[in-house]
Each structure stands twice: as C-alpha cells, then as structure tokens.
Amino acid sequence: MPELPEVETVCRGLAPILEGQKLVRVVQRRADLRFPLPERFAERLEGRRVLSVSRRAKYILTELDDAEVLITHLGMSGRMFIGEAARPPDAHDHVILETEAGRAVVFNDARRFGMMDLVPRAGLASHKLLRDLGPEPLGNAFDGALLSARLEGRRTPIKSALLDQRVVAGLGNIYVSEALHRAGISPRRSAATVAGRRAELLAPAIRAVLEEAIAAGGSTLRDYVQASGELGYFQHAFRVYDREGQPCPGCSGACRIRRIVQSGRSTYYCPTRQR
DNA sequence: AACAAGACCTGCATGC
DNA sequence: TGCATGCAGGTCTTGT
C-alpha cells in the first residue's frame, strides 16, 4: 500500500521512537518475508543503538551504531505499529523491535511482499535493492529537465514509466494517477512524448502531489501516530484514484473519471482534461 | 535493451 | 451461509 508519502510519514513517526535508542530485544517471528531474513537477524540487531531513521524511495533506512543499516520495505501491506512491548502478537506481526525506553516497534505484513535486510553501511548505495533507483522526486535536483532526460526514448506509456522506480523513485499507482491528472497529461501517452515541454509541467505536479500528501499526514496525525498505534497512514482525498465514474474535479462539465488497465494495474484519469 | 506478463501472498468485497 | 472470483497503494523474475 505505501508509496513515498506514507513511507515518509512512517519514518517521521519512527524517528522519535528509535533514534538514540538501544534495541534491547528483537523478536523475529518468521524466517522470511518476501525474501529470507539474514542469518542471525535478531541477534545481530540486539544491543545495537539506532543512529537515524531515513528514507530512500520507498525504503526505510535505519542506521545502527555498528556501521550497519537495516533496510525495510513495506511492500503492499506492510505496516508499522508502536506500542507497549507486551502487545499480544497478531498472526502477521513478523518483527518486533523493543527499545530501552520500553517502546515496541512492530512490523506487520499480511501479504509478506515487504522485505528487510541488514547490510554494512559502506556500499549501501550499491546494494541490490537501492542501486538502480532513480532520483528522489522531492530532492533539489529533480526538475523538468531531469525528468525529461529519464523519459527520453521510452516507448512505454507515461503511466508505466512513472511506476518504474529507475525513472523516478517513490511513486506508486495512486500518486502516478494523481500527478498525471494534475499535469493534464494522458496516462496513455508515450513517455517519450512527455520528455521536453510536458516534463516541465509534470515534474512540479509530481512534487506538489507528494508534498501535499505528506503535509496531510503531518496535519492529520499527531506525531504521525494514529490512535491505534499505527504509523504513517492517513485519510487523504484523491482527485482521480479509485473514483471511476465520478465527476472530474478539474472540469466543470459532465466528464467522468475513467478507469483503464495498463501493465495490469488500474489507472484513473479524466479523458477531457488529460491529453 | 525495453517492455509486458507472471509470480509472490493474504484479505476483503462482491455475486451466485 | 458457503464458495468462487476478482481486486488490492510493490517489485523481482521471466519471457518475448
């Protein structure tokens, strides 16, 4: 489920709980998520102090005091909860980190498309999961020219291109539809034809959509924590996503949001506004 | 090399 | 009610 804004909000919720804290106990309740967890995973984490929690694309990077980094991806259904260490475990609670302050961070993932790895800090950027990632859409360097260069020569629809994490890192199925709607670009248009002038519209649209979503999380959730203890998810109003047949908020007329399938995934758009 | 399709896994809504 | 079907906000792997 989570895309960049949700992962960012999870990170902001995790940071005050974990940063500076020693992990006094780590419980691993499954041998594998999407991939097998590393050997002696829990033992290697126990006794480590967390230096920082940050994000790259949709990955959560938890830097530890022994020059290692815990890489976490939430997949489609991964969720983080904070609570008391004694929280009764749910069937899909897979990893529990307990801090010296008595807080527990619970990684829960019903579908187990999520992943965790524990790797040396040196060479992190060349890790298999991270090395091919494209630019951060909220980074300073991300603009129309950079996006244009990434789209150059691609024949696939712009919708599919934006889902490719090598083009831009962090977008997912919801925010791609939202950004294309905001930019007035048809999701069916070949990516190559967006390179150039249209990329100058699309890059700021991507940035705005993501920033607004993060801001919504910040204003909705106190300390980025829900009453349930879950981190980082929040109600957010989408303009087109999952709104098939409803009026387009960008048009005054009778046009309706349409749903199509591209590369096996739903796309929502306004055929009038998006060309 | 680029692209589409298949695979992974569980839960939920829908319809018969 | 039970059961089948299709769908879900991701991404790695496989095949064309």
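Just the heavy atoms: all of them, side chains too, but no hydrogens, waters or symmetry mates, feed the values below. We name chains A, B, ... by the order of the sequence lines, and we start the count at 1 in each one.
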Pairs of donor and acceptor atoms involving the side chains of residues 238-255 of chain A, under 3.5 Å and at least two apart or interchain, shall be tabulated with distances.
from, atom 1, to, atom 2, distance (Å)
A:R243, NE, A:R239, O, 3.1

Side-chain hydrophobic cluster, 4.5 Å single linkage: members besides A:Y269: A:I260
Whether A:K22 and A:E100 form a salt bridge (side-chain N of Lys/Arg under 4.0 Å from carboxylate O of Asp/Glu) is what I want to check. no
Write down the distance between CG (A:D117) and P (C:dC12), rounded to a whole number of angstrom. 12 Å
With both pairing distances under 3.5 angstrom for Watson-Crick or G-U wobble, and | for a partner in another strand, the correct string for DNA chain C is .|||||||.|||||||
Same hydrophobic cluster for A:L37 and A:L118, using side-chain heavy-atom links shorter than 4.5 Å among ILVMFWY? yes
So does A:Q165 get a side-chain nitrogen or oxygen closer than 4.0 Å to the phosphate oxygens (OP1/OP2) of C:dT11? yes
Rounded to whole Å, please give me the gap between CZ in A:R79 and P in C:dA8. 19 Å
DNA chain C contacts made by residues 262-270 of chain A, counting heavy atoms under 4.0 Å: A:R265, A:S266
Outermost contacting nts on DNA chain B, any atom under 4.0 Å from chain A heavy atoms, listed 5' then 3', are B:dC3 to B:dG11
In terms of hydrophobic clusters joined by side-chain contacts under 4.5 Å, are A:L51 and A:V53 together? no
Rounded interatomic separation in angstrom, taking CD from A:E3 and C1' from C:dA8: 12 Å
Checking side chain to side chain contact (heavy atoms under 4.5 Å, CB included) against A:P2, which of A:T9, A:V7, A:V10 comes through? A:V7
Below 4.0 angstrom from OP1 or OP2 of C:dG9, is there any side-chain N or O of A:Y175? no
Linking Ile, Leu, Val, Met, Phe, Trp and Tyr by side-chain heavy atoms under 4.5 Å, what else ends up with A:Y224? none
Check side-chain hydrogen bond (donor to acceptor under 3.5 Å, both in side chains) between A:Q165 and all other residues, then give those that pass, not counting sequence neighbours. none
Here the side-chain hydrogen bond (donor to acceptor under 3.5 Å, both in side chains) pairs for residues 34-46 of chain A, sequence neighbours left out, are A:R44-A:E68
By salt bridge (Lys or Arg N to Asp or Glu O under 4.0 Å), which residues pair with A:R111, not counting sequence neighbours? none
Let me know the distance between CG of A:D242 and P of C:dA8, rounded to the nearest Å. 8 Å
Quick note, A:R111 side chain, CB onward, closest among C:dT11, C:dA8, C:dG9 is C:dA8
Which value, in whole Å, describes the distance between the P atoms of nucleotides B:dC9 and C:dT14? 15 Å
Near DNA chain C, under 4.0 Å by heavy atom, which residues of residues 126-135 of chain A? A:K128, A:L129
Rounded interatomic separation in angstrom, taking CZ from A:F113 and P from C:dA8: 13 Å
Does A:A110 or A:R166 map to a spot on DNA chain B nearer the 5' end, using the closest nucleotide for each? A:R166
What do the steps show when you test A:M80 against A:F107 for side-chain contact (heavy atoms from CB on, under 4.5 Å), and what is the final call? CA-CA 5 Å; A:M80 290 283 189; A:F107 175 74; 3.8 Å; yes
Expressed in angstrom and rounded to an integer, what is the separation of A:K159 atom NZ from C:dG9 atom C1'? 11 Å
Basic-acidic side-chain contact under 4.0 Å: A:R182, A:E178: no
How many Å lie between CZ on A:R112 and P on C:dT11, as a whole number? 18 Å
Exercise answer: donor-acceptor pairs, residues 192-208 of chain A side-chain atoms, under 3.5 Å, sequence neighbours excluded:
from, atom 1, to, atom 2, distance (Å)
A:T193, OG1, A:R189, NH1, 3.1
A:T193, OG1, A:S190, O, 2.8
A:R198, NH1, A:T193, O, 3.0
A:R207, NH1, A:L138, O, 3.4
A:R207, NH2, A:G139, O, 2.9
A:R207, NH2, A:F142, O, 2.8

Would a single hydrophobic cluster contain both A:I60 and A:F41, if residues Ile, Leu, Val, Met, Phe, Trp and Tyr are joined by side-chain heavy-atom contacts under 4.5 Å? yes
Remaining members of the apolar cluster that contains A:L61, side-chain heavy atoms under 4.5 Å: A:F35, A:Y59, A:V69, A:I71, A:M115, A:V119, A:L124, A:L129, A:L130, A:L133
Roughly, in whole Å, what's the span from CG in A:L171 to P in C:dT11? 11 Å
Contact class for A:Y59 (heavy atom, under 4.0 Å): base, sugar-phosphate, or nothing? sugar-phosphate
Separation of the P atoms in C:dG6 and B:dG6, to the nearest angstrom: 14 Å
